[in-house]
Number of protein chains: 2
Amino acid sequence: MANSGPQILTTLRQMILSGEFKANERLAEIPTADRLGVSRTPIRLAFRALEQEGLLNKLPGRGYEVRSVSIAEIEGAVEVRGALEGLAARRAAEKGLTDEQKRRFEELLQQGDELFQSNEPLSEKDIELYHTMNKAFHQLIIDVADNRAISIALSRDEHIPFASVNALAYDKTNMREETKRFLFAHTQHHHIYMTLASRQSARAEMIMREHAHATLGHVHKYHGANENEDIQLISKDPILKQ
Amino acid sequence: MANSGPQILTTLRQMILSGEFKANERLAEIPTADRLGVSRTPIRLAFRALEQEGLLNKLPGRGYEVRSVSIAEIEGAVEVRGALEGLAARRAAEKGLTDEQKRRFEELLQQGDELFQSNEPLSEKDIELYHTMNKAFHQLIIDVADNRAISIALSRDEHIPFASVNALAYDKTNMREETKRFLFAHTQHHHIYMTLASRQSARAEMIMREHAHATLGHVHKYHGANENEDIQLISKDPILKQ
DNA sequence: TCCTATTATATTGGATCCAATAAGAACAAA
DNA sequence: TTTGTTCTTATTGGATCCAATATAATAGGA
């Protein structure tokens with residue numbers, strides 16, 4: 001059991017994101033402190049932090065509730081991510097890439113290519129590898145862009161399902177279609193790199209913005225499966241990896 | 001003297017933004033609690049919050065330091081604001097405006113127009129009125145866009161000087177040029193409204209993005225007046241209103 | 001004089017307690 | 001049965017204390 005402040009915060013965040021705490025569930029200091037076997041102090045600090053991260057809403061006199069996330073909100077967050085990553089791509093194209101950065105991009109693209117060499121659908125292990133490569137690719141663009149405000153603005157999407165590159169959703173019951181989808185997304189990676197390397201900043205921005213929408217298909221499948229428009233964060237089939 | 005948690009947070013934030021705490025100044029719980037006449041508990045909570053807001057950096061074992069802000073960071077934040085407000089304007093144009101929203105935009109534009117009727121430079125009171133109108137105009141676009149993620153992403157710029165519509169900088173020693181500058185910016189407001197009303201979403205986004213850069217002139221003047229590239233937040237001539 | 005070790009001080013994080021406030025439950029009256 | 005009042009319980013925010021850790025100052029030795 002976690003026993004330090006930062007670990008308490010991480011544990012609570014994980015419990016929210018994993019669905020152990022349900023949307024709209026009420027959390028109060030004393031029961032939560034009892035549950036985790038610590039005093040109220042770290043819980044209080046963690047609740048404040050999680051409120052600021054957007055995962056909890058404060059209920060005056062009654063603790064906090066786990067915030068629910070609507071489809072519209074997810075779509076809006078994806079759109080914002082697209083705008084921010086698009087801006088990052090444009091900046092990266094305007095700055096131009098160093099040789100080292102080109103090498104790194106090419107390595108990542110090669111890693112992705114190797115996953116699609118066979119005619120078989122991707123395995124779950126392949127998906128993990130793709131996910132790692134995808135995160136690194138996106139992060140490299142942000143790094144090249146070198147604008148702190150972009151990273152900060154993106155950080156607010158990190159806990160919204162489907163809206164962050166830190167999470168990846170896929171339908172394990174239909175790996176053939178998923179493979180096609182990832183292949184398409186990775187092809188976009190190639191196009192993005194090409195526009196960066198050739199300093200076509202407008203195209204870089206446009207493709208990168210569009211690329212952000214690659215995950216939305218699963219949002220709508222979730223919607224179809226639910227009685228109401230608000231969904232619980234994450235953790236139902238299809239498996240969300242993070 | 002402030003005596004409640006939220007007030008402590010507000011007071012400390014204000015002391016940072018006003019320059020009472022200098023850039024890179026070290027703040028620790030006990031001296032700060034003594035200074036404000038409260039226990040350490042609300043200070044600790046406030047420090048955590050201010051860290052998350054980006055105003056403080058944590059120094060392990062040594063308290064926190066007030067974060068300094070570089071010109072490059074300000075420029076980056078303005079660029080992000082442009083991208084986000086541009087996205088908001090595009091969404092607003094795509095959604096179309098209600099009659100009520102049109103009326104409200106027209107009111108605000110009219111308020112601005114009235115400030116430029118005479119041939120005299122704007123007075124400081126005029127600038128205050130312009131500032132209020134400007135904030136309302138920008139906020140209305142964000143409201144029409146109806147994307148929570150935009151508001152959240154924008155909130156991170158609110159404490160960066162020159163990067164937020166909540167603050168306005170002007171050179172009180174040169175009101176004639178300032179008047180021209182504000183007139184230009186307000187003309188852009190007209191153009192933005194026109195594109196929203198006629199649902200020209202691409203133009204709306206483009207003009208709105210460019211409009212965000214209207215404040216950058218004063219950043220460079222600041223730079224010229226300083227020995228180093230990092231500036232203290234706010235509160236020197238030219239007067240920053242907030 | 002400089003370097004190292006020891007001691008003193010500063011600082012944080014967590015635990016616990018107290019008081020104020022809010023919410024819920026129980027009871028009484030209409 | 002419904003509504004209003006009172007009592008009880010839950011909950012938060014702040015204060016204080018303790019222990020661990022980090023930093024600064026001092027003393028001693030080379």
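Source: prediction; values computed, not measured. Here is the naming used below: chain letters follow the sequence lines, and residue numbers restart at 1 for every chain.
Proximity note for A:E29 (side chain, C-beta onward) versus D:dG13, C:dT11, C:dG14: the nearest is D:dG13. Comparing C:dG13, D:dT12, D:dG14 against the side chain of A:I30 picks out D:dT12 as the nearest. When each of D:dA15, D:dG13, C:dG13 is scored by its nearest atom to the side-chain atoms of A:K58, the top-ranked nucleotide is D:dG13. Each of C:dA15, C:dC17, C:dG13 was ranked by its minimum atom distance to the side chain of A:V38; first place goes to C:dA15.
Look at CZ on B:R40: it is 7 Å from P on C:dT12, rounded to the nearest Å. What separates CD of B:E65 from P of D:dT23 is a distance of 14 Å, to the nearest Å. Rounding to whole angstrom units, CD1 of residue B:I43 and C1' of D:dG14 are separated by 11 Å. The CD1-C1' distance, from B:I8 to D:dG13, rounds to 12 Å in whole Å. The CZ atom of A:F47 sits 15 Å away from the C1' atom of D:dG13 (whole-angstrom rounding). With rounding to whole Å, A:L59 atom CG is found 11 Å from D:dT11 atom P. Remark: C1' of C:dA10 and CG of B:L27 are 15 Å apart, rounded to the nearest angstrom. In this structure, A:L36 atom CG and C:dG14 atom C1' are separated by 14 Å, rounded to whole Å.
The phosphate of D:dT11 has OP1 or OP2 within less than 4.0 Å of a side-chain N or O from A:R26. Contact annotation: A:R44 side-chain N/O to C:dG14 OP1/OP2 distance is not under 4.0 Å. OP1 and OP2 of C:dG14 both lie 4.0 Å or more from every side-chain N or O belonging to A:S39.
Between A:R67 and A:E53 no salt bridge is recorded (no basic side-chain N to carboxylate O distance below 4.0 Å). Salt bridge status for B:E29 with B:R48: absent, with no side-chain N to carboxylate O gap under 4.0 Å. In summary, B:E85 and B:R209 do not engage in a salt bridge, as defined by a charged side-chain N under 4.0 Å from a carboxylate O.
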Could you walk me through whether A:T11 and A:Q14 satisfy the side chain to side chain donor-acceptor pair (under 3.5 Å) test, starting with their C-alpha distance in whole Å, then the side-chain angles of each, then the deciding distance to 0.1 Å, before giving a yes or no? CA-CA 5 Å; A:T11 297; A:Q14 187 60 26; over 6 Å; no

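Mapping A:A28 and B:R62 onto DNA chain D by nearest heavy atom places A:A28 at the nucleotide closer to the 5' end.
The aromatic rings of B:H189 and B:Y130 lie parallel to each other, their planes meeting at an angle below 30°, with 60° marking the opposite boundary.
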